[in-house]
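These notes are about the structure you will find just below.
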Amino acid sequence: MKYEFKEIEQKWQKRWEEEGAFCAENGSDKEKFFGLIEFPYPSGQGLHVGHPRSYTAMDIIARKRRMQGYNVLYPIGWDAFGLPAENFAIKNNVHPAVITAKNIANFKRQLKMLGFSFDWSREVNTTDPEYYKWTQWIFLQLFKKGLAYKKEMPINWCTSCNVGLANEEVVNGVCERCGGEVIQKNQSQWMLKITEYAQRLIDDLDEVEFLEKIKTQQKNWIGRSEGAEVTFKLTTGDEMVVYTTRCDTLFGATYTVISPEHPLIAKLQDSLTNYDEIKAYQLEASKKSEFERTEMVKEKTGVKLEGVNAINPVTGEEIPVFVSDYVLVTYGTGAIMAVPAHDTRDWEFAKKFNLPIVEVVSGGEDVQKEAYTDVYKGTMVNSGFLTGKSVQEAIPAMIAYLEEKGLGTKKVNYKLRDWVFSRQRYWGEPIPIVYCEKCGYVPLPEDQLPLVLPDMEEFKPGENGESPLANATEWIQTTCPCCGGPAKRETDTMPQWAGSSWYFLRYTDAHNSDELSSKEALNYWIPVDWYNGGMEHTTLHLLYSRFWHKFLYDIGLVPTKEPYQKRTSHGMILGENGEKMSKSRGNVVNPDDVVNEVGADAFRTYEMFLGAFDQSTPWSQQGLRGCYRFIEKVWNLQSIMTEEDGYSADMEKLMHKTIQKVGEDFERMKFNTAIATMMSFINEVTKKGSITKGEYMTLITLLNPVAPHMTEELWEMYGDGGLLSLHAWPEFDESKTVDDQIEVVLQINGKIRDKIMISAELNPQEMQEAALASEKVKELIAGKEIVKCIAVPKKLINIVVKG
RNA sequence: GCGGGCGUGGCGGAAUUGGCAGACGCGCUAGACUUAGGAUCUAGUGAUUUUAUCGUGGGGGUUCAAGUCCCUUCGCCCGCACCA
């Protein structure tokens, strides 16, 4: 019978849908499994071959869990707000909602043709008012708890998208999305206090099973550092607080530096004799984009503040104060004490401005030639009461001293900044806040949610970077919920990350119109048991959604501190030439073409077989053919199938081993070796020339999570009835996976000389005897002295000889 | 610069705790069949000077035994990047 994948695949997709085979059950007393993949942004390009890599992997896990008797939730939805649809809308004069609906329809078609076991009845769409009602609701809760606030601040501004960006969205000084230039711009912005959760976002990583590299990346991004704030008195009588992680080197602080934006400069204006020069430097620094500022790393610039000095609190010495843009206003206190002997940046600056370099930690080379920055070796010198101590001892000793004298305090800092939550764009959730002259920023009453986006015809941003919503004159005018007076709506919208920060919660009870999700549903389904997604979302989506989840936990809405119990990630699929797939490189593979050519089952198999799941691998059209051949071979085994139900004696061991290996490999996401194991199995069967029905049915059950359609078809023809997708996962018998006769290797001086079949039960002594009985060994060790003999049960015997 | 990862045939990649390097697939070679195909089947396929020797980026070490552990060095990829 010919393998007609088109008919088979359509038939089963229809059948599964009709029977609601993959619908998760709320209120079940079965054990649950919540598997999650990152819901896609429905772009105009359609599905990329990268999407199915993650979706197939989690589909395999979800399908296996279902077969193991779990109540499985494997949902899907659309992260559909965002810039591309809006930009397309502006260019082509179509409403973003129209394009989005079209794109979703296309994505849906493509995902359905791949046979994922998604529970389509729980589909969510972030642009649906019934959905974003709750996104807005969460924002209101954040606002009420003081975690959302408006602030005039310099933000990253993409000159091409005309929109503000979060720090996380600026990559190498350019816009993450479009690559456009990013400048600093002052703008009043909604901010979320993610920094308040910084410590918990680090600490709670201990409770979850994320890949170690994901945890590391999150920690690095949050960037915790322990240090001290130290107060320097100025000769003008003012004070200046600096942040340092190396307070042990305070005796070596020979100057101080403040950032160009530091408010102290204005305050000192009257005392400064070179104020004009400083002013000019500030202006120059403000003109530089973030990119230029980091590009300038090699060459330090700065100006000395003439007319004022700082006093080193431990030496009492007067030291100069500089302004330089190598000090960032956004980190620490925006001011530092410079210890050129033990900090590379300070050293460079000191060399350029001819400032004294005083060694206070010995152990390095000449500090006049290079800064010595090691904190684990070295001894304090020239450091008063610290002299003789190690750096590790000196740090707490200095903190104790500073605290006692009231000169400073211990202080923890984070690199993490508050989240810039405003976007001056149309295609996002409206921020449910009104501004009243009398009452200030007032939250919209919850019963007025959702605050629906006004229908507009023009989506271009306003003149000076205003949101397009600023042109929705009627929509803006409203009354203040507080005093009833005239008020204006907020025109900024939320960033794309808003809708994706909580979407997994909505899946648990997707159609609830009274609550975000019912308490029962949340308590049952949350946390997500296993979340797979891309590494590129580690510092954006993952961090943001953990933050929101913790907030929702704090207000008693969700049952767990962490949203995701386990997080894994997949590697990228590259073009056939080994480069990243892109239109401009002309190496894009379209899933539609692939499915058309070899079918969904072979496509899914190849996606899982092409390489190690967590590594980047190039696509190969030939490799795809290989997987098609495999699927077809499995199909053709029908022609050699016997009617026997169980396993034949000579295949039993291999069958049990195969069940064990495939199951274990799926769990470890070693899909490539799981498939290789099944390939080996059919190679054996083919060699033998026959397969029992029992063996065949077990094989297709193992293969079902990978290639669900074809196996379902075979099950219908030969199986026990019902859907294979809901049939029990095969069991294996541990005792039947072990061989009693095994081949062991005989080595002489570590070199392989022979192989013998022996009983697996043999102890090392018996193994040694068996080895010495080998003709080949006898010959090779004749006349030589046996120094020692190592026998590793079930593996090898190594005879060490001399002479 | 800091953090993470990687380096194995012609290619993608296998190899729990150190224990037969190259599973599986692709490609290639030869043969079979043929309605001549991007089909299928069979056999072979790390290298070489082939009773054997050498082989996991390079060099050194530990060990009876190293892709795996230690030191050193080179190269590539990803993330962060003046965070005091």
Side-chain angles (χ1 to χ4, degrees), chain A residues 171-173 211-217 219-221 223-225 227 242-247 249 253 256-257 259 293-294 296-298 300 324-328 330-339 342-346 348-349 373 413-417 535-536 538-539 571-572 574 578 597 605-606 609-612 614-630 632-633 636 664 668 670 672-681 683 686-687 743-752 754-755 787-801:
Chain A
V171 176
N172 292 330
L211 292 180
E212 217 39 56
K213 62 176 173 179
I214 296 175
K215 287 190 183 182
T216 309
Q217 228 181 87
K219 282 181 196 160
N220 287 348
W221 188 265
R224 180 194 153 99
S225 77
V242 304
Y243 176 70
T244 179
T245 53
R246 292 294 307 276
C247 64
T249 61
T256 61
V257 190
S259 66
R293 241 169 109 154
T294 48
M296 291 296 158
V297 171
K298 315 126 207 168
K300 298 258 183 298
S324 171
D325 64 5
Y326 86 90
V327 174
L328 308 173
T330 46
Y331 185 76
T333 60
I336 62 152
M337 63 178 213
V339 185
H342 305 292
D343 180 281
T344 315
R345 295 149 304 177
D346 297 345
E348 286 166 11
F349 192 84
T373 58
N413 262 319
Y414 302 91
K415 289 190 215 173
L416 186 70
R417 305 291 146 74
M535 277 309 281
E536 69 274 22
T538 304
T539 51
M572 259 193 303
L574 306 169
E597 193 189 328
T605 306
Y606 180 59
F609 183 69
L610 87 179
D614 58 353
Q615 268 159 39
S616 295
T617 314
W619 181 268
S620 155
Q621 206 60 28
Q622 296 293 350
L624 175 70
R625 288 302 313 178
C627 285
Y628 175 79
R629 279 203 278 270
F630 166 64
E632 199 180 35
K633 274 183 204 164
N636 289 335
E664 285 173 1
R668 296 185 302 149
K670 299 262 182 184
N672 53 342
T673 51
I675 293 166
T677 303
M678 291 186 271
M679 287 172 167
S680 294
F681 182 82
N683 288 347
T686 309
K687 213 182 285 172
E743 187 182 63
V744 295
V745 169
L746 300 187
Q747 295 183 335
I748 294 171
N749 290 343
K751 298 224 152 57
I752 298 150
D754 200 5
K755 291 175 184 181
V787 180
K788 91 163 101 154
C789 183
I790 292 112
V792 183
K794 296 174 192 181
K795 289 268 162 65
L796 56 60
I797 298 148
N798 188 14
I799 302 162
V800 185
V801 295

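Reminder, nothing fancy here: chain letters follow the sequence lines and each chain counts from 1. Values below: every heavy atom of this structure, side chains too, minus hydrogens, waters and symmetry copies.
Across A47(B) and U42(B), the matching C1' atoms stand 26 Å from one another, rounded to whole Å. The gap from the C1' atom of U8(B) to that of G55(B) amounts to 10 Å, rounded to the nearest Å. Nucleotides A21(B) and G3(B) are separated by 32 Å at their C1' atoms, to the nearest Å. Taking atom P on both nucleotides, C20(B) is separated from A66(B) by 11 Å, rounded to a whole Å. For the P atom pair drawn from C69(B) and A15(B), the interatomic distance equals 14 Å after rounding to whole Å. Comparing the same atom, P, in U72(B) and in C2(B) gives a spacing of 14 Å after rounding to whole Å. Taking atom C1' in both U73(B) and C28(B), one finds a spacing of 36 Å when rounded to whole Å. Rounded to a whole angstrom, the distance from the P atom of A65(B) to that of G1(B) is 38 Å.
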Which protein N or O atoms sit under 3.5 Å from an N or O of nucleotides 47-53 of chain B?
from, atom 1, to, atom 2, distance (Å)
U53(B), OP1, Arg753(A), NH2, 3.2

Protein N or O to nucleotides 32-35 of chain B N or O, pairs below 3.5 Å:
none

Output a table of nitrogen or oxygen pairs between the protein and nucleotides 1-10 of chain B separated by less than 3.5 Å.
from, atom 1, to, atom 2, distance (Å)
G3(B), O2', Asn220(A), ND2, 3.1

Using the side-chain contact (heavy atoms from CB on, under 4.5 Å) rule, take Trp221(A) and Thr538(A) through it: C-alpha gap first, then chi angles, then the decisive distance, then the call. CA-CA 9 Å; Trp221(A) 188 265; Thr538(A) 304; over 6 Å; no
Can you list the steps and then say if Asp614(A) with Leu211(A) is a side-chain contact (heavy atoms from CB on, under 4.5 Å)? CA-CA 11 Å; Asp614(A) 58 353; Leu211(A) 292 180; 5.6 Å; no
Evaluate the criterion side-chain contact (heavy atoms from CB on, under 4.5 Å) for residue pair Met679(A) and Phe609(A); output intermediate values, then yes/no. CA-CA 11 Å; Met679(A) 287 172 167; Phe609(A) 183 69; 3.9 Å; yes
Going through the checks in order, is the side-chain contact (heavy atoms from CB on, under 4.5 Å) test met by Leu328(A) and Ser259(A)? CA-CA 6 Å; Leu328(A) 308 173; Ser259(A) 66; 5.9 Å; no
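Residue whose closest nucleotide on RNA chain B sits further toward the 5' end, between Lys670(A) and Lys687(A): Lys670(A). Both Thr686(A) and Leu610(A) sit near RNA chain B, but only Leu610(A) has its closest nucleotide nearer the 5' end.
Between Ile336(A) and Asp346(A), the closest side-chain pair of non-hydrogen atoms falls below 4.5 Å. Side-chain contact between Met535(A) and Ile214(A): present, with at least one pair of heavy atoms (C-beta onward) separated by less than 4.5 Å.
With a glycosidic angle more than 90° from 0, G58(B) adopts the anti conformation. Base orientation at U73(B) is anti, since its O4'-C1' glycosidic dihedral falls outside 90° of 0.
Partners of Asn413(A) according to the side chain to side chain donor-acceptor pair (under 3.5 Å) rule, which considers only residues two or more places apart in sequence or in another chain, do not exist here. Residues satisfying the salt bridge (Lys or Arg N to Asp or Glu O under 4.0 Å) test with Lys687(A), not counting sequence neighbours, are Glu684(A). By the ring pair (Phe, Tyr, Trp, His ring centres under 6.0 Å) test, Tyr414(A) is found to be paired with no residue, residues two or more places apart in sequence or in another chain being considered. Residues that satisfy the side chain to side chain donor-acceptor pair (under 3.5 Å) test with Tyr331(A), not counting sequence neighbours, are Ser225(A). Take Arg629(A) and apply the salt bridge (Lys or Arg N to Asp or Glu O under 4.0 Å) test, not counting sequence neighbours, and it matches no residue. Evaluation of the side chain to side chain donor-acceptor pair (under 3.5 Å) rule for Asn798(A) yields no partner, not counting sequence neighbours. Considering only residues two or more places apart in sequence or on other chains, Thr330(A) meets the side chain to side chain donor-acceptor pair (under 3.5 Å) condition with Arg417(A).
Look at U51(B): it lacks any Watson-Crick or wobble partner with both distances under 3.5 angstrom. Under the Watson-Crick or G-U wobble criterion, with both distances below 3.5 Å, A14(B) is left unpaired in every strand shown. C64(B) is paired with G19(B) under the Watson-Crick or G-U wobble criterion, all donor-acceptor distances under 3.5 Å. A 3.5 Å limit on both hydrogen-bonding distances identifies C28(B) as the Watson-Crick or G-U partner of G44(B). As the counterpart of C76(B), G5(B) is assigned, both hydrogen-bonding distances of the Watson-Crick or G-U wobble pattern falling under 3.5 Å.
Put simply, the side chain of Asn749(A) gets close to the backbone of Val801(A): a donor and an acceptor are under 3.5 Å apart.
The environment of NZ in Lys794(A) is sparse: at most 12 heavy-atom neighbours from other residues, nucleotides or ligands sit within 6.0 Å.
For C82(B), its base sits under 3.5 Å from the side chain of Lys300(A) at one donor and acceptor pair at least.
Taking atom NZ on Lys794(A) and atom P on U16(B), their separation rounds to 17 Å, with Å as the unit. Lys215(A) places its NZ atom 21 Å from the P atom of C80(B), with the value rounded to the nearest Å. Between Asn636(A) atom CG and U40(B) atom P the separation is 10 Å, expressed in whole Å. Atom CG in Leu574(A) sits about 11 Å away from atom C1' in C77(B), given to the nearest Å. Protein atom OH of Tyr243(A) is 16 Å distant from nucleotide atom P of C82(B), rounded to whole Å.
An OP1 or OP2 oxygen of G79(B) is reached within less than 4.0 angstrom by no side-chain nitrogen or oxygen of Thr539(A). Taking only side-chain nitrogens and oxygens, Tyr331(A) comes nearer than 4.0 Å to OP1 or OP2 of A84(B).
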What string of B, S and - do you get for nucleotides 19-29 of chain B 5' to 3' if you count protein non-hydrogen atoms under 4.0 Å? BBS-BBSSS--
Below 3.5 Å, can you tabulate the donor-acceptor pairs from side chains in residues 618-627 of chain A to any protein atom, sequence neighbours excluded?
from, atom 1, to, atom 2, distance (Å)
Trp619(A), NE1, Gln621(A), OE1, 3.0
Ser620(A), OG, Gln622(A), N, 3.4
Ser620(A), OG, Gly623(A), N, 2.9
Gln621(A), NE2, Glu597(A), OE1, 3.4
Arg625(A), NH1, Glu597(A), OE2, 3.4

